[in-house]
Asks: 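Structure incoming, see below.
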Amino acid sequence: MTENSAFQPAPDSELPKTYAPADVEGPLYERWVERGYFEADAKSDKPPYTVVIPPPNVTGSLHLGHAFEHTLIDALTRRKRMQGYETLWQPGMDHAGIATQNVVERELAKESKSRHDLGREAFVERVWQWKGESGGQISGQMKRLGDGVAWSRERFTMDEGLSQAVQTIFKRLYDDELIYRAERIINWCPRCLTAISDIEVEYQDDDGELVSIRYGEGDDALVVATTRAETMLGDTAVAVHPDDERYRHLVGTEIELPLTGRRIPIVADEHVDPEFGTGAVKVTPAHDPNDFEIGQRHGLPNIAVMDEHAIITAHGPFQGLDRLEARSAIVAALRAEGRIVAEKRPYTHSVGHCSRCKTTIEPRLSMQWWVKVGPLAKAAGDAVRDGRVAIHPQEMEKRYFDWVDNLHDWCISRQLWWGHRIPVWYGPNGEVVCVGPDEQPPSGEGWTQDNDVLDTWFSSGLWPFSTLGWPEQTESLAKFYPNSVLVTGYDILFFWVARMMMFGLYAMDGTPPFHTIALHGMVRDQFGKKMSKSFGNAVNPLDWMDTYGSDALRFTLARGANPGTDVPIGEDWVQASRNFANKIWNATRFALMNGATVEGELPPAERLSATNRWILSRLGEIVEEVDGLYEDYQFAKLSEALYHFAWDEVFDWYVELTKTTFQEGGQEAEDTKRVLGEVLDVTLKLLHPVVPFVTETLWTTLTGKESLVVADWPADSGFRDEAAEREIETLQQVITEVRRFRSDQGLQPGQKVPARLALDGTALAPHEAAIRQLLRLQPEGEGFHATATLPVSGATVSLDLSGTIDVDAERKRLTKDLGAAEKEKAQAEAKLRNEAFLAKAPDQVVDKIRGRLTKAEADIERIGRQLENLPAA
RNA sequence: GGGCGCGUAGCUCAGCGGUAGAGCGCUGCCCUUACAAGGCAGAUGUCGGCGGUUCGAAACCGUCCGCGCCCACCA
C-alpha cells in the first residue's frame, strides 16, 4: 500500500451504524432465560453466591429506586457468575399487607363497596386476583431491566411454603416465650383500623393548640396543659414530680375533673418534668403511652373514651363526636366554665401519622401480639459488633446499633384481612393454643382462630431462608444460606434488615443471614430533590428505557451510586449514557471492519509496538482497578473508570493510532488486530455486568462465542510497561500541543499543512506516521516553519505556515505560555529553597517538584526560541 | 433534645495531606472514510466564613454560618 492510496476500510460488518437497543434487548433477555443462565443449581460444586431481591410490593410497579437497586444487584451477580460462582439472584415479591389491602380497598371504593360488603373470604380472594394482575407488571419490568434472576425459584411471601415458614417460626418463638399477647398502648390508625408498629409511625411537626386547664377548685386547684383536650374525659389522675415542693401537700388527695363530675387522685411520679409548664400533668392511661406507664405504676384505672374510629364513646354531651370535633367542643365547654387559663396557638409539636395513609395516629389501649425483641436484638447487634456481618458504608453501623440496642417490643398483630393469619386459637373458656404448621387446630365447640394477621415485615424478615425452602432442610438451603450480600436502601435498615438479622440468627442457629449489608441511597431528581408522584418529578423507568435503552439507564444509575448516598438522576444523564453505549458500539464496529480478532495467543511483547504495549499495560491496570472497586461496592467509581478508559484511552487514542498501523499493514498490523481484539474483549467483559445488552451483542459478534453471561471474568494479565506508558503519554502531549497550535491559528481540522518533523533519535521517531496522520501533516514544504512543540524527548515539530500564520495570535499565546512557565519555575524554585520542605517532605514529592522545575525550564527555553523564530508581523 | 452527614466550576457530584477534577451545560472550528448519539481545541472555581496544626490544608483540629437525614414518651 502506497502512502497516497486511500485507506480502504474493510467491508461493512453486519452491525448497523447506530446502536438500537430496542431491537436487541428483548430477544437477548429471552435467550438468556431460555438457556437457563440465571438458574442456580444447588447440586453444583461451584462456590455459592447468593443475593435475595428486596421483594417489591405485588401491587406496585417498579420505580427508579427499584431500577437502581436491581442494577447494583444484577451487576454484582453477573460478575460473580462470570467468576465461576454458582450464583443465585433470588426473585420474588412481598404481599405487603397493609399497603396492598389499602390499594384493593381503594379499588372497591370506586365500586362504592367496602371490604365488609364482601366479607373476609371474598375480600382476600379479591386481593389474590389483584395480585395476579399486577404481579406480572413487575416481572415484565425486571425483564426489561435485564435482571438475571432465577425465575424458576420465584417466591411470594404468601405462597404455601413461605406461609409454612411463618407459622413455624411463630410457633417456635411462642414456645420460647419470645411471642406473647398483652394489652398495651399501641399506635392505632383510625382510618386503616389497625395497630401499627412504632416504625410505621412517621412523626412530623404539626400546628396544634396547647391549652392550660384548671382542674379542681380553690386553693387545691392545679393547672395542666394539653394538646389533646378530648382525652381529659379519660383522665384518671393528675401527676406531679415527687420532689416538687409546690405540690407536695396535694399528693394523695383528690381533685375534681372538670366536665365529668369525677374526682381523680393526685399522684407523684418521676416521669413528670417539674420544669415543664406548671409541673402538673393530666394522666390518661387509656390514650397515651406515658400515661399508661404512670397508670401501671400507681394502679390507676384505664378509661377508654374513643372507639376504633376515634369517635368519642364516653357518655355525655360529647359522645359521637370525632376526636377533633370533641377537642374544640371540650375547649369551648371548659372556657364557658372559666377553666381555660391560657392558650398557645399555634403550638408546634411532633405528631405521629400512619406511614400508609398519613392519618394522625391515636394511641390506643388494646390487646395485641408482641415479639419480645430483647434477646433477638442483642444477637442482631452482636453479629455486627463482632464482625460476622459488615455494614457498608460503615457510618451506617451507628444507626443500626442505636436502633437494635434500644428496641421496644415489636407489635406484630394487625387488624387486617390480607396477610398471614395468626396461628392461634382461643377456646370457649379463653384458652389459648398456638398451632404449628403440622398440627391440627383444636377441635370442638367454641374454638376460634385469632382474627388478626401478622405485620408484613414478619414474613419478609424470613426472606433470606424462607425462599430457600426453610423449614425444610433443602439442598438449596444448605447451598445458598447464608446469603453473600444484602443490597438494599438505608430507608429499610430497621424495617427489614434488622428483622432479617434477628430472625436469621434465631432460626438458623446463630448463622447470620448474610455476610455484608451494602446500603444504597435514594434516587432523586436532577436537582437532588426527592422523587414523588405528588411533586410531579417521579419518573417511570420504562419511559427512559424505551427512549434510551436499558443499558443507558443502568449505566446512569451505576455511575451515580456512591455508597450510602442519594443518587440524583436526570434525563440528560441517561442521554449521555446512551451516547456512551453508542460509542462502544461504533468502536467495536470499527474494530470488526479492520479484522480485530480474539483468536490465537497474544503476540509476544518484544514484538509489539509501544502503542500496543501501552494499551495492554493500561488494560491490566484497569482490570485490577475495576476488580477492586467491584469488591468494594464502588459502582460509581468503577463505572467512571471504565467510561474514561474506554472512551478516552481506547476509543480516542488507541483506536485512532491503530488507523495508521492498519494502513501500513504488515506484521504490526496483524499484531494490532489481535491486541485490539483483546482490548475490546476485556473491556466488554468488564462493562458487561453494568451494561449487559450492548456488550453481549458486540462481544458475541466479535468472538463468535455463545454468550458473555457465562464467559470468564477477565484476569489481570499482570503485564505492565511503564516505559511504553510514558512514551505514549509523550506522544499524546505532542499531538495535543500541535492541535492546540493549529486551533489557535485558525486552521481547519482537516486542512493539510506541510511540516518538518525532527524526531530522529527520540522516542517519538517510530510514531512519525501516526503523528502525521493525526495532525494532518504533509511532507515538508518551503517557507516559514513555526516550531509548534518540543516534547520532553527533545523532538521538534515544525509546521510550515508561511502565508497562513497569524503572528500576533501566536506571539500572544507564546507569551502567555511563557508567563505560566516562569511562574511555575519560580514556585518550584521557592519550594526547593525551603529547607523545612526538603527536610520533611518525602523524596517522591521532592522529586516531583524537581521534575516540575526541569520541565518549566525546558518550556521557557523552548518558548523563547519559538518567539525568536517568529517573523515580524 | 441526641446522633449522622453535607456545603468544591452554571447544575449534579468525585477528590479527603503534596501543581484544583468528572459528567452535563457553555465558547470556537470541523459531516477527518467507526460514531454529529461524533471529533478537536477552549473558558470557568478566594474548594461556606474565621482561627489553628503542618515545610505544605479543599482535605486534619476548633469554631461560626447555611442545608439535609435519622432517632427520642417536648404533657
Side-chain angles (χ1 to χ4, degrees), chain A residues 6-9 12-13 15 17-19 185 199 203 210 224-228 239 271-273 276-284 288-293 349-350 363 395-396 398-399 402-403 406 408 490-491 493-494 522 524-528 548 552 556 559-560 562 564-570 572-573 575-594 636-637 640 643-644 651-652 655-656 659 735-736 739-744 746-751 773-774 776 824 827-828 831 834-842 844-846 848-849 852:
Chain A
F7 172 47
Q8 296 294 330
D12 250 359
S13 69
L15 297 177
K17 193 168 164 181
T18 303
Y19 174 52
I185 295 279
I199 50 174
Y203 288 89
L210 183 73
V224 299
T226 183
T227 53
R228 295 194 298 150
H271 170 261
V272 180
D273 176 5
F276 190 96
T278 59
V281 188
K282 63 191 274 304
V283 180
T284 323
D288 183 277
N290 293 320
D291 293 4
F292 180 75
E293 299 289 319
H349 61 135
S350 182
E395 302 92 80
M396 289 288 178
K398 200 162 166 56
R399 267 192 204 186
D402 283 351
W403 197 71
N406 298 294
H408 294 181
Y490 62 70
D491 58 329
L493 181 61
F494 305 146
M522 304 295 117
R524 292 168 174 271
D525 75 7
Q526 71 262 48
F527 305 112
Y548 303 108
T556 307
R559 202 175 179 181
N562 287 117
T565 64
D566 289 347
V567 187
I569 179 169
D572 285 356
W573 310 346
Q575 211 169 68
S577 299
R578 183 271 315 264
N579 295 353
F580 179 49
N582 191 234
K583 187 75 183 176
I584 302 169
W585 180 266
N586 274 296
T588 308
R589 270 183 74 221
F590 167 85
L592 290 167
M593 289 177 189
N594 288 284
K637 291 197 176 69
E640 199 67 19
Y643 179 91
H644 286 291
F651 304 155
D652 282 348
V655 163
E656 290 304 318
K659 286 178 178 173
I735 289 174
T736 300
R739 278 173 175 164
R740 186 175 134 192
F741 172 76
R742 288 184 56 124
S743 177
D744 286 349
L747 291 169
Q748 300 200 333
Q751 187 178 330
Q773 166 137 339
L774 261 42
R776 319 278 147 192
E824 175 75 15
Q827 277 178 355
K831 201 116 201 202
N834 184 335
E835 282 173 32
F837 168 73
L838 292 173
K840 298 196 179 178
Q844 271 184 323
V845 175
V846 177
K848 230 170 151 180
I849 302 289
R852 269 159 58 188

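Below, chains carry the letters A, B, ... as their sequence lines are ordered, and counting in each starts from 1. Predicted model only: the values in this text are computed from it and were never measured.
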Asks: Is A/N562 touching bases, backbone alone, or none of the nucleic acid, heavy atoms closer than 4.0 Å?
Replies: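 Counting heavy atoms under 4.0 Å across all strands, the contact made by A/N562 is with sugar-phosphate only.
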Asks: Of all the nucleotides listed (B/rC55, B/rA34, B/rC40), which has the minimum atom distance to the side chain of A/N586?
Replies: B/rA34
Asks: Whole angstroms only, please: what is the CG-P distance between A/N834 and B/rU54?
Replies: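 Answer to the nearest Å: 14 Å.
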Asks: Would you mind classifying the nucleic acid contact of A/E656 as base, sugar-phosphate or nothing, using non-hydrogen atoms under 4.0 angstrom?
Replies: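 Base, at least one base atom sits under 4.0 Å.
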Asks: Listed by chain and number, what are the salt bridge (Lys or Arg N to Asp or Glu O under 4.0 Å) partners of A/E824, not counting sequence neighbours?
Replies: A/R852
Asks: In whole angstroms, how far is the C1' atom of B/rC70 from the CD1 atom of A/I199?
Replies: 13 Å
Asks: Any base atoms under 4.0 Å from A/F651, or only sugar-phosphate, or nothing? Heavy atoms, all strands.
Replies: base
Asks: Using a heavy-atom cut-off of 4.0 Å across all strands, would you classify A/V272 as base, sugar-phosphate, or nothing?
Replies: base
Asks: More 5' along RNA chain B: A/T565 or A/T278, using each one's nearest nucleotide?
Replies: A/T565
Asks: Looking at B/rC35, I'd like to know if its phosphate oxygens (OP1 or OP2) sit under 4.0 Å from a side-chain N or O belonging to A/T18.
Replies: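 No.
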Asks: Using a 4.0 Å heavy-atom cut-off, does A/K840 contact any base of the nucleic acid, only the sugar-phosphate backbone, or nothing at all?
Replies: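 Base, at least one base atom sits under 4.0 Å.
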Asks: What is the separation between atom CG on A/N582 and atom P on B/rC35, rounded to the nearest whole Å?
Replies: 10 Å
Asks: Under 4.0 angstrom, heavy atoms only, what part of the nucleic acid is A/Y548 near: base, sugar-phosphate, or nothing?
Replies: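 The residue A/Y548 makes no contact with any strand.
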Asks: Say we look at B/rU32 and B/rC40: how far apart would their P atoms be, to the nearest angstrom?
Replies: 14 Å
Asks: At less than 4.0 Å, is any side-chain N or O atom of A/K831 found next to OP1 or OP2 of B/rU19? Yes or no.
Replies: no
Asks: Mind checking if A/P289 touches a base, just sugar-phosphate, or nothing, with heavy atoms under 4.0 Å?
Replies: nothing
Asks: Starting at the 5' end of RNA chain B and moving along, which residue's nearest nucleotide shows up first, A/V281 or A/R739?
Replies: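 The residue mapped nearer the 5' terminus is A/R739.
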Asks: Look at all strands and tell whether A/A280 reaches a base, only sugar-phosphate, or nothing, counting heavy atoms closer than 4.0 Å.
Replies: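 Base, at least one base heavy atom under 4.0 Å.
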Asks: State, to 0.1 Å, how close A/K17 and A/N586 come at their nearest heavy-atom pair, and which atoms those are.
Replies: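 That would be O-OD1, 3.1 Å.
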Asks: Taking OP1 and OP2 of B/rG15, is either one under 4.0 Å from a side-chain nitrogen or oxygen of A/K637?
Replies: yes
Asks: Is there a side-chain contact between A/W573 and A/R559, using heavy atoms and a 4.5 Å cut-off?
Replies: no
Asks: Could you tell me which residues satisfy salt bridge (Lys or Arg N to Asp or Glu O under 4.0 Å) with A/R578, sequence neighbours excluded, listed by chain and number?
Replies: none
Asks: Of the listed nucleotides (B/rC69, B/rA14, B/rU19), which one gets closest to any side-chain atom of A/K848?
Replies: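 Closest of the options to the side chain of A/K848: B/rU19.
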Asks: List every contact pair, protein side and nucleotides 29-32 of chain B side both N or O, where the distance is under 3.5 Å.
Replies:
unit_1, atom_1, unit_2, atom_2, d
B/rC30, OP1, A/Q748, NE2, 3.1

Asks: For A/V655, answer base if it contacts any base atom (sugar-phosphate contacts may also be present), sugar-phosphate if it contacts only those atoms, and nothing otherwise; contact means non-hydrogen atoms under 4.0 Å.
Replies: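 Here A/V655 touches the bases of the nucleic acid.
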Asks: Considering only the P atoms, how many Å lie between B/rG10 and B/rU63, rounded to the nearest integer?
Replies: 31 Å
Asks: Any side-chain heavy-atom pair from A/L210 and A/H349 closer than 4.5 angstrom?
Replies: no
Asks: Would you say the side chain of A/P289 lies within less than 4.5 Å of the side chain of A/H408, judging by non-hydrogen atoms?
Replies: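 Result no, sub-4.5 Å side-chain heavy-atom pair not found.
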Asks: Roughly, in whole Å, what's the span from CG in A/L210 to P in B/rA75?
Replies: 8 Å
Asks: Starting at CZ of A/F590 and ending at P of B/rG38, how long is that distance when rounded to a whole Å?
Replies: 18 Å
Asks: Quick one: which of B/rC55, B/rA34, B/rC69 gets closest to the side chain of A/R399?
Replies: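 The listed nucleotide nearest to A/R399's side chain is B/rC69.
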Asks: For the side chain of A/F276, starting at C-beta, report the closest nucleotide among B/rC35, B/rC55, B/rC74.
Replies: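 The listed nucleotide nearest to A/F276's side chain is B/rC74.
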Asks: Strictly below 4.0 Å: does A/K659 bring a side-chain N or O up to OP1 or OP2 of B/rU33?
Replies: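 No, no such contact exists.
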Asks: Is it true that a side-chain atom of A/R742 and a backbone atom of A/Q751 form a donor plus acceptor pair closer than 3.5 Å?
Replies: yes
Asks: Show the nearest heavy-atom pair for residues A/A636 and A/N562, with the distance to one decimal.
Replies: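 In terms of heavy atoms, the two residues are closest at CB-ND2, 3.4 Å.
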Asks: Figure out the CD/C1' separation between A/Q751 and B/rG39, and round it to whole Å.
Replies: 17 Å
Asks: With rounding to the closest Å, how many angstrom separate the P atoms on B/rG62 and B/rG42?
Replies: 42 Å
Asks: At a cut-off of 3.5 Å, list every protein nitrogen or oxygen paired with a nitrogen or oxygen from nucleotides 20-23 of chain B, distance to 0.1 Å.
Replies:
unit_1, atom_1, unit_2, atom_2, d
B/rA22, O2', A/E640, OE2, 2.6
B/rA22, O2', A/H644, NE2, 3.2

Asks: Using atom P of each nucleotide, how far apart are B/rC30 and B/rG17 to the nearest Å?
Replies: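 Result for the P pair: 46 Å, nearest Å.
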Asks: Nearest to the side chain of A/R578, heavy atoms from C-beta on, is which of B/rA34, B/rA41, B/rA37?
Replies: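 For the A/R578 side chain, the nearest candidate turns out to be B/rA37.
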Asks: Using the P atom as the reference point in each nucleotide, state the distance between B/rA58 and B/rU8 in Å, no decimals.
Replies: 15 Å
Asks: Per the atom types in the model, does the base of B/rC35 pair as donor or acceptor with the side chain of A/K583 at under 3.5 Å?
Replies: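 Answer is yes: a donor-acceptor pair is held.
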Asks: For B/rA57 and B/rC74, measure between their P atoms and round to the nearest Å.
Replies: 47 Å
Asks: When the P atoms of B/rU53 and B/rG39 are considered, how many whole Å apart are they?
Replies: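 Looking at atom P only, B/rU53 and B/rG39 are 50 Å apart.
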Asks: In chain order, what residues pass the salt bridge (Lys or Arg N to Asp or Glu O under 4.0 Å) check against A/E656, with sequence neighbours excluded?
Replies: A/K659
Asks: Could you check whether any side-chain heavy atom of A/M522 comes within less than 4.5 Å of a side-chain heavy atom of A/D491, counting everything from C-beta outward?
Replies: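 Contact flag for A/M522/A/D491 side chains = yes.
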Asks: Taking any heavy-atom pair under 4.0 Å as a contact, classify A/D572: base, sugar-phosphate, or nothing.
Replies: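 The residue A/D572 makes sugar-phosphate contact but no base contact.
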Asks: Using the P atom as the reference point in each nucleotide, state the distance between B/rC70 and B/rG23 in Å, no decimals.
Replies: 33 Å
Asks: Pairs counted only when both distances fall under 3.5 Å, Watson-Crick or G-U: show me the 5' to 3' dot-bracket for RNA chain B, [ ] for pseudoknotted crossings and | for other-strand partners.
Replies: ((((((((.[[[[.)..(..]]]].(((((.......))))).....[[[[[..)....]]]]])))))))....
Asks: Take the protein atom CD1 of A/I569 and the nucleotide atom P of B/rC11, then report the distance between them rounded to whole Å.
Replies: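 To the nearest whole Å, that distance equals 20 Å.
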Asks: Measure CG/A/D273 against P/B/rC74 and give the value in whole Å, please.
Replies: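 After rounding, the reported distance stands at 11 Å.
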Asks: Within the structure shown, what part of the strands sits under 4.0 Å from A/Q827 by heavy-atom distance: base, sugar-phosphate, or nothing?
Replies: nothing
Asks: Got A/W403 and A/I199 here, is their nearest side-chain heavy-atom distance under 4.5 Å?
Replies: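 With C-beta onward as the side chain, the pair touches.
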Asks: Taking A/R739's backbone N and O only, do any of them form a donor-acceptor pair with A/S743's side chain (distance below 3.5 Å, no angle check)?
Replies: no
Asks: Return no unless some side-chain N or O of A/N579 is found under 4.0 Å from OP1 or OP2 of B/rG38.
Replies: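 Checking A/N579 against B/rG38: at least one side-chain N or O falls below 4.0 Å of OP1 or OP2.
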